[in-house]
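Data first, discussion second: the structure below is written as structure tokens.
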Amino acid sequence: MTEIIVQINSKETTYPIIIENESVSDLREKIFQCIGQRNYLAIISEKVEKIYGKQLNFPNKYILKDGENQKNFKNYQKILNTALKMKLDRKSVIIAIGGGVVGDLAGFVSSTYMRGIDFIQVPTTLLACTDSSVGGKTAINTDFGKNLVGTFYQPKAVFINPRFIKTLDNKQFYSGMGEVIKYSFIEKSCKCHEEYNLTNFLNDNLKSIFERDEKVLAKLIHACIKLKKSVVEKDEKENNLRRILNFGHTYGHAIEKINNYKKYSHGEAVIEGINFAFNLAVKKNLIDKNYAFFANDFIKKFNYRPIKKYNLKKITEIMSLDKKADSGKINFVLPTNYSTVDIFEFTKEELFSLFSL
Ligand SMILES: NC(=O)c1ccc[n+]([C@@H]2O[C@H](COP(=O)([O-])OP(=O)(O)OC[C@H]3O[C@@H](n4cnc5c(N)ncnc54)[C@H](O)[C@@H]3O)[C@@H](O)[C@H]2O)c1
Ligand SMILES: [Zn+2]
């Protein structure tokens with residue numbers, strides 16, 4: 001596979017996302033070739049270190065335990081102290097190797113250490129490759145909720161190797177696929193110059209995707225990145241267009257919250273949120289039933305396990321407390337046509353009356 005490079009342009013900087021499937025052992029050299037030899041700290045997910053540690057061979061490392069709850073203040077502080085002990089200065093670099101948890105935390109550290117030092121992302125989950133490593137959001141969780149403290153901070157470069165995806169467990173793989181499926185339903189609204197026709201691509205390559213064929217995954221990741229690039233370059237700080245990336249997320253976040261972020265993966269919850277969005281769009285006469293049937297059949301091909309149906313009152317209460325809710329009104333991204341979405345606002349009462357509660 002030849003190297004694919006996507007340039008992301010933000011207001012402050014431009015950085016490359018490099019997709020290639022060369023040996024994992026070449027990564028360290030490749031990074032320093034790109035940014036010059038520097039003092040560094042690699043923040044590596046525990047599982048990734050177990051599987052790839054020897055090949056990656058980054059002696060200066062902080063190993064982050066696995067799990068969403070590790071994206072916390074305590075680890076933030078520990079990493080800062082490690083960086084200070086190692087005498088990292090403003091010319092040093094932080095390298096994040098892992099999923100979105102490592103990326104978000106390492107990004108937050110980088111953006112605040114000495115008022116900001118260079119940061120490299122090596123996303124190793126499908127979700128991180130297609131979503132969290134693009135767009136410059138960094139975050140940690142607090143006792144009051146997820147991602148409530150963070151910054152917008154762009155990396156110096158992102159290195160993606162689809163080989164990493166092979167060792168993901170099924171739960172994490174399908175979690176990432178949830179975001180990929182999301183992109184297929186919002187593609188036209190992303191206003192990207194290229195047309196990927198992701199829905200067809202997914203349909204035509206189902207078997208290779210399930211087998212995690214590196215070349216097919218590389219194409220898939222490339223398409224998702226180009227779609228996200230198109231959105232975040234037009235709306236870096238989520239004032240408007242970027243909100244469409246939340247398709248399936250309003251309801252999905254509530255499902256995750258109700259289950260304490262344990263029972264269902266993020267992608268599974270997003271898929272349920274997409275199902276809910278189609279349901280709501282039909283009730284509001286935004287789409288005809290054929291499109292909803294099509295979406296339903298399409299999603300079924302990925303064999304997501306069914307999610308327990310929750311009481312709408314309970315879930316609406318949670319949705320209205322979400323940080324993206326606007327003075328009690330709940331925002332939904334809803335389908336309006338094939339691969340096209342728009343943003344709608346609902347009061348709790350409107351939702352109840354549509355579902356005639
Ligand atoms: N910054 C953003 O724009 C953005 C967008 C979406 C999600 N996020 C954040 O991303 C996080 C979720 O990321 P995630 O889904 O990657 O989860 P994760 O980072 O928790 O990784 C999932 C699991 O996979 C393991 N893993 C990683 N790479 C592996 C590999 N190659 N082989 C085997 N195992 C591997 C990890 O160790 C971990 O146990 C959440 O905290 C979410 O808030 C951020
Ligand atoms: Zn998501």
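Worth saying up front: this structure is predicted, and the values here are computed from it rather than measured. In listed order, ligands and their atoms are each counted from 1.
- Protein heavy atom in closest approach to atom 35 (C) of ligand 1: Leu168 CD2, 3.6 Å.
- Taking only nitrogen or oxygen atoms, main chain and side chain alike, Glu46 does not reach within less than 3.5 Å of ligand 1.
- Side chain of Glu272 to backbone of Ile255: no donor-acceptor contact under 3.5 angstrom is found.
- The backbone N or O of Glu214 lies less than 3.5 Å from no partner atom in the side chain of Arg163, so there is not a single donor-acceptor pair.
- Nearest protein heavy-atom contact of atom 24 (O) of ligand 1 is Gln172 CG, 3.8 Å.
- Protein N/O/S atoms closer than 2.8 Å to the Zn ion (ligand 2), listed by chain and residue number, are Glu179 OE2, His249 NE2, His266 NE2.
- In summary, the atoms of ligand 1 found under 4.0 Å from a heavy atom of Ser45, numbered by their order in the structure, are 36 (C), 37 (O).
- Between Ile299 and Phe294, every side-chain heavy-atom pair lies at or beyond the 4.5 Å cut-off.
- For the 3.5 Å distance criterion, the side chains of Asn240 and Lys234 fail to qualify, holding no donor opposite an acceptor.
- Remark: Lys283 qualifies as a cation-pi partner of Phe355 under the 6.0 Å distance and 45° angle criteria applied to the six-membered ring.
- With hydrogens and angles disregarded, no donor-acceptor distance shorter than 3.5 Å links the side chain of Tyr304 to the backbone of Ala269.
- Without hydrogens or angle criteria, Arg38 side chain to Ile35 main chain gives a donor-acceptor distance under 3.5 Å.
- Taking Tyr264 as the reference, nothing meets the ring pair (Phe, Tyr, Trp, His ring centres under 6.0 Å) condition, with sequence neighbours excluded.
- Given atom 21 (O) of ligand 1, the protein heavy atom at minimum distance is Thr125 CG2, 3.7 Å.
- Interface of Asp66 with ligand 1, defined as ligand atoms under 4.0 Å from a residue heavy atom, comprises 36 (C), 37 (O), 38 (C), 39 (O).
- The two residues Tyr40 and Met86 come nearest to each other via the heavy atoms O-CE, 3.3 Å.
- Of all the heavy atoms of Ile165, none lies under 4.0 Å from any atom of ligand 1, so neither backbone nor side chain is involved.
- Separation of the Tyr251 and Phe332 ring centroids does not fall under the 6.0 Å cut-off.
- Against a heavy-atom cut-off of under 4.0 Å, Asn147 is close to the following atoms of ligand 1: 43 (O).
- No donor-acceptor contact under 3.5 angstrom links the side chains of Ser175 and Lys171, judged on distance only.
- Ile95 contributes atom CD1, which lies 12.5 Å from atom NZ of Lys61 (distance to the nearest 0.5 angstrom).
- Residue-level proximity to ligand 1 for Asp104 is carried by the side chain, the only part with a heavy atom below 4.0 angstrom.
- Shortest contact from atom 20 (O) of ligand 1 to any protein heavy atom: Val101 CG2, 3.3 Å.
- For a threshold of 3.5 Å applied to N or O pairs, the pair formed by Thr167 and ligand 1 contains at least one separation below that value.
- Here the two rings, on Phe302 and Tyr174, have centers that are 6.0 Å apart or farther.
- Residue contacts with ligand 1, taken as heavy atom pairs separated by less than 4.0 Å, do not involve Asp169 at all.
- Across the listed options Phe164, Phe173, Tyr261, Phe164 owns the non-hydrogen atom lying nearest to atom 31 (N) of ligand 1.
- Closest to atom 4 (C) of ligand 1, if we only count protein heavy atoms, is Ser132 CB, 3.2 Å.
- In terms of modelled atom types and a separation under 3.5 Å, the side chain of Asn205 and the main chain of Phe201 share a donor-acceptor contact.
- Atoms of ligand 1 lying under 4.0 Å from at least one heavy atom of Lys47, given by number and element, are 34 (N), 37 (O).
- Among all protein heavy atoms, the one lying closest to atom 10 (O) of ligand 1 is Gly100 CA, 3.3 Å.
- Less than 4.0 angstrom separates some heavy atom of Thr124 from each of these atoms of ligand 1: 27 (C), 28 (N), 29 (C), 30 (C), 31 (N).
- Among Ile97, Leu127, Leu126, the residue whose heavy atom lies nearest to atom 15 (O) of ligand 1 is Leu127.
- For atom 42 (C) of ligand 1, the nearest non-hydrogen atom from the set Lys71, Glu49, His266, Lys137 comes from Lys71.
- Protein heavy atom nearest atom 40 (C) of ligand 1, with residue, atom name and distance: Glu68 OE1, 3.1 Å.
- Which parts of ligand 1 touch Val48 is read off a 4.0 Å heavy-atom cut-off, strictly below it: atoms 27 (C), 28 (N), 29 (C).
- A salt bridge does not link Glu317 to Lys313: none of the charged nitrogens lies less than 4.0 Å from a carboxylate oxygen.
- Under 3.5 Å, the side chains of Glu68 and Tyr261 contain no donor-acceptor pair of N or O atoms.
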